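Below is one structure, written out as structure tokens, with a few remarks after it.
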Amino acid sequence: MADVPQPDETPAPQAVPPGPAGARPRASDRWDPVTTPEPETALVTADAHGPAVGSGPTAPADPAAPPPSRRAHAAAGGGDDAALSTHDRLLVALLGTRTLLLGATRRARVTGWLWPLAVTLLGGVLRFWRLGTPHELVFDETYYVKQAYSLLVQGYEGTWGDDANPLFAAGDGSALQDQAEYIVHPMVAKWLMALGIHLGGGIGSSAAWRLASAVAGTLAVLMVARIGRRLFASTALGTLAGLFLAVDGEGIVHSRTGLLDGFLMVFALAAFGALLLDRDQARRRLAARTAAVLDSGAPLGLGPRLGWRWWRFAAAVLLGLAIGTKWSGLYVLAVFGLLSVAWDATARRTVGVRRWPLAALWRDAVPAALVMVPTAALVYVATWWSWFAHPAAYLRQWAVEHPGEGVTWLPPALRSLWHFHTQMWDFHTHLTAEHAYAAHPLGWIVQWRPTSFYYPDSVSGLTGAAARDACGADACSQAITSLGNPVLWWLGAVALVVAVVVLVVRRDWRAGAVLSGVVAGWLPWFAYAHRTIFTFYSIAFAPWVVLALVYVLGLLLHSGDDRRRRRGIATTVAVTLVVLAVSAFFYPVWTAWVVPYDFWHLHMWLRSWI
């Protein structure tokens with residue numbers, strides 16, 4: 001089989017004409033998944049869901065063509081490829097043979113779900129076991145869990161009286177007052193936590209406070225595994241990515257506490273998955289419509305329009321929910337939107353559109369902006385529905401009380417919301433309060449200064465017989481430290497550097513994909529390094545650190561030389577075993593086990609961790 005670049009790596013645009021009889025289609029050997037699936041008859045379908053109604057013709061069927069399985073085999077380099085139509089060769093050029101052959105057999109499709117579900121089960125056990133420990137509000141749960149309960153019982157965030165936390169832990173919500181509380185984050189994640197409290201046993205159950213977080217964190221494991229499978233065209237590599245997230249400390253800690261950032265990660269990850277699906281579907285549609293133009297002899301021009309793209313719309317909805325969790329979701333919307341349009345641009349270049357930058361701008365970028373930005377904005381505003389519905393909510397009546405002030409052309413309710421947002425923006429950009437665990441974003445990627453969520457004096461202060469009864473030693477510790485698996489994050493940092501190099505040198509679209517989430521979730525925080533920020537924010541891009549590491553391991557596994565391939569397999573197995581061992585070692589300090597002080601201290605590998 002000839003070795004040519006993937007479509008997004010092609011140095012110059014080349015049209016893919018029907019070609020003479022006997023011409024061999026070429027597919028990239030640049031990416032070699034751990035397992036090669038069997039041919040898939042769906043190779044010759046124009047679109048996973050069929051062509052859009054009224055959206056143009058599809059490639060005509062060739063009555064003399066061999067059966068679909070033979071055509072797929074030909075595309076994979078197995079011979080008899082002269083019968084491939086223009087449409088089929090465009091599919092290979094746009095998606096690559098291995099992607100087209102992914103899930104070809106019933107067994108491959110079943111294992112494509114079973115292995116991701118297996119690591120999801122592991123992730124669920126690690127997240128749900130002893131979820132209610134400790135039975136007290138941990139770190140910023142004192143804000144978000146109580147606000148979630150307030151939303152549940154009165155529809156808006158109210159203030160709390162004295163001794164609210166002990167009363168809350170005892171199942172007593174009497175400290176909640178009618179006066180509205182000033183909040184600094186939107187309400188999507190808090191409403192999800194409120195639903196968890198409602199379904200999980202009420203205010204008296206600490207497991208209920210964290211139920212929504214645990215569900216979201218467990219679903220993230222499944223999504224990473226399935227996203228990795230599609231991204232790398234390999235069930236094995238996708239499962240490995242899911243496994244790494246399942247056992248990572250950042251993922252575990254955020255799944256076991258009622259904070260917002262884990263929900264931001266889940267919505268961003270789901271949007272990323274939706275855009276991957278959109279990429280595949282749009283390229284199938286482009287192949288079908290371009291083939292029809294080429295086969296008819298008409299000029300290609302800017303290339304065909306691709307019609308309404310439901311997966312892109314779904315991504316916009318999810319990104320609106322991400323922004324409705326924390327405003328940093330705005331950066332995710334910007335980066336993912338640009339990434340999706342870049343994929344469209346390279347697709348048009350691959351099929352031979354000569355003016356592909358102009359085509360991508362007019363055919364793809366403008367429609368994407370007109371769909372994604374307004375959709376995300378409308379979804380975001382809709383997430384404030386309970387604030388609109390309750391006159392007693394914070395600043396809800398500001399416009400009525402301040403006629404002629406603010407953005408006067410807006411309706412009163414939106415004028416009040418806008419004023420509220422200016423106050424929130426001022427808080428976020430000027431927060432400079434001293435905090436022992438504040439951390440510059442430069443160190444997040446190596447977990448230089450992890451955030452201590454919980455280290456109670458009631459345990460660390462035990463002495464004598466009380467300490468020996470609690471932990472079997474003369475001094476005890478109980479900790480929840482938001483610390484990622486050190487080996488995973490340190491190797492992940494190296495993998496990100498490798499991905500940047502590969503993106504620049506080889507223009508592999510997968511490298512750009514794994515970097516996108518890190519760019520969206522990490523780099524913007526450097527602009528706010530002057531304010532109080534924390535390493536635990538890195539949960540927002542943790543899945544892409546995992547995907548970057550798996551991507552580089554996949555590069556090591558790919559080699560035409562058996563010796564180097566064996567070394568790649570040995571390296572992957574060794575990394576996996578070390579990551580699993582380190583996670584097992586750190587699990588007690590991620591999940592509030594009462595342990596001897598010396599055991600806890602063994603986990604403090606760096607001075608900056610204490």
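Because the structure is a prediction, the values reported are computed rather than measured.
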Quiz item: Once the angle between the rings of H402 and W398 is folded into 0 to 90°, is it parallel (under 30°), tilted (30 to 60°) or perpendicular (over 60°)?
Solution: parallel
Quiz prompt | Within-4.5 Å side-chain heavy-atom neighbours: L483 and H603 | solution = no
Quiz item: Under the 3.5 angstrom rule, does the side chain of S583 hit a backbone N or O of L580 as a donor-acceptor pair?
Solution: no
Practice problem: Could you tell me whether a side-chain N or O of Y156 sits under 3.5 Å from a main-chain N or O of A389, the two making a donor and an acceptor? | Solution: no
Quiz item: Quick one: side chain to side chain donor-acceptor pair (under 3.5 Å) partners of S386, sequence neighbours excluded?
Solution: W191
Quiz prompt | Heavy-atom pair of closest approach, residues W387 and L417 | solution = CH2-N, 3.5 Å
Quiz item: Do Y394 and F420 have their ring centres less than 6.0 Å from each other?
Solution: yes
Quiz item: Are K326 and Y537 in a cation-pi setup, meaning NZ or CZ lies under 6.0 angstrom from the ring centre and within 45 degrees of the ring axis?
Solution: yes
Quiz prompt | Nearest non-hydrogen partners of W544 and A513, listed with the distance | solution = CD1-O, 3.7 Å
Practice problem: Say whether, by atom type as modelled, one donor and one acceptor occur between the side chain of S416 and the main chain of P412 under 3.5 angstrom. | Solution: yes
Quiz item: Donor-acceptor pair, R531 side chain versus H430 backbone, under 3.5 Å?
Solution: no
Quiz item: Does W590 reach the main-chain N or O of I252 with its side chain, forming a donor-acceptor pair under 3.5 Å?
Solution: no
Practice problem: Check whether any side-chain heavy atom of F585 lies under 4.5 Å from a side-chain heavy atom of Y587, and answer yes or no. | Solution: no
Exercise. Over 60° means perpendicular and under 30° means parallel, so classify the ring planes of H254 and F536, tilted if in between.
Key: tilted
Quiz item: Can you list every pair that meets salt bridge (Lys or Arg N to Asp or Glu O under 4.0 Å) and has a residue in residues 173-185, with sequence neighbours left out?
Solution: none
Quiz item: Got more than 12 heavy atoms from elsewhere within 6.0 Å of CH2, W522?
Solution: yes
Quiz item: Can any side-chain N or O of T535 pair as donor or acceptor with the backbone N or O of T451 at less than 3.5 Å?
Solution: no
Quiz item: Is there a donor in the side chain of Y455 and an acceptor in the side chain of S477, or the other way round, less than 3.5 Å apart?
Solution: yes
Quiz item: Hey, does the side chain of R449 reach the backbone of S608 with a donor-acceptor pair shorter than 3.5 angstrom?
Solution: yes
Quiz item: Under 3.5 Å, side chain of N485 to main-chain N/O of V579, donor-acceptor pair present?
Solution: yes
Quiz item: Are any side-chain N or O atoms of W444 and backbone N or O atoms of A439, one a donor and one an acceptor, separated by less than 3.5 Å?
Solution: yes
Quiz item: Would a line drawn from the ring center of F272 to the ring center of F336 be shorter than 6.0 Å?
Solution: yes
Quiz item: Looking at K146, R256, R210, which one forms a salt bridge (charged side-chain N to carboxylate O under 4.0 Å, His left out) with E141?
Solution: R210
Quiz item: Between F168 and W209, does the ring centroid distance fall short of 6.0 Å?
Solution: yes
Quiz item: What is the minimum heavy-atom distance between P588 and V595, and which atoms define it?
Solution: CB-CG1, 4.3 Å
Quiz prompt | Exceeds 12 heavy-atom contacts within 6.0 angstrom, atom CH2 of W409 | solution = no
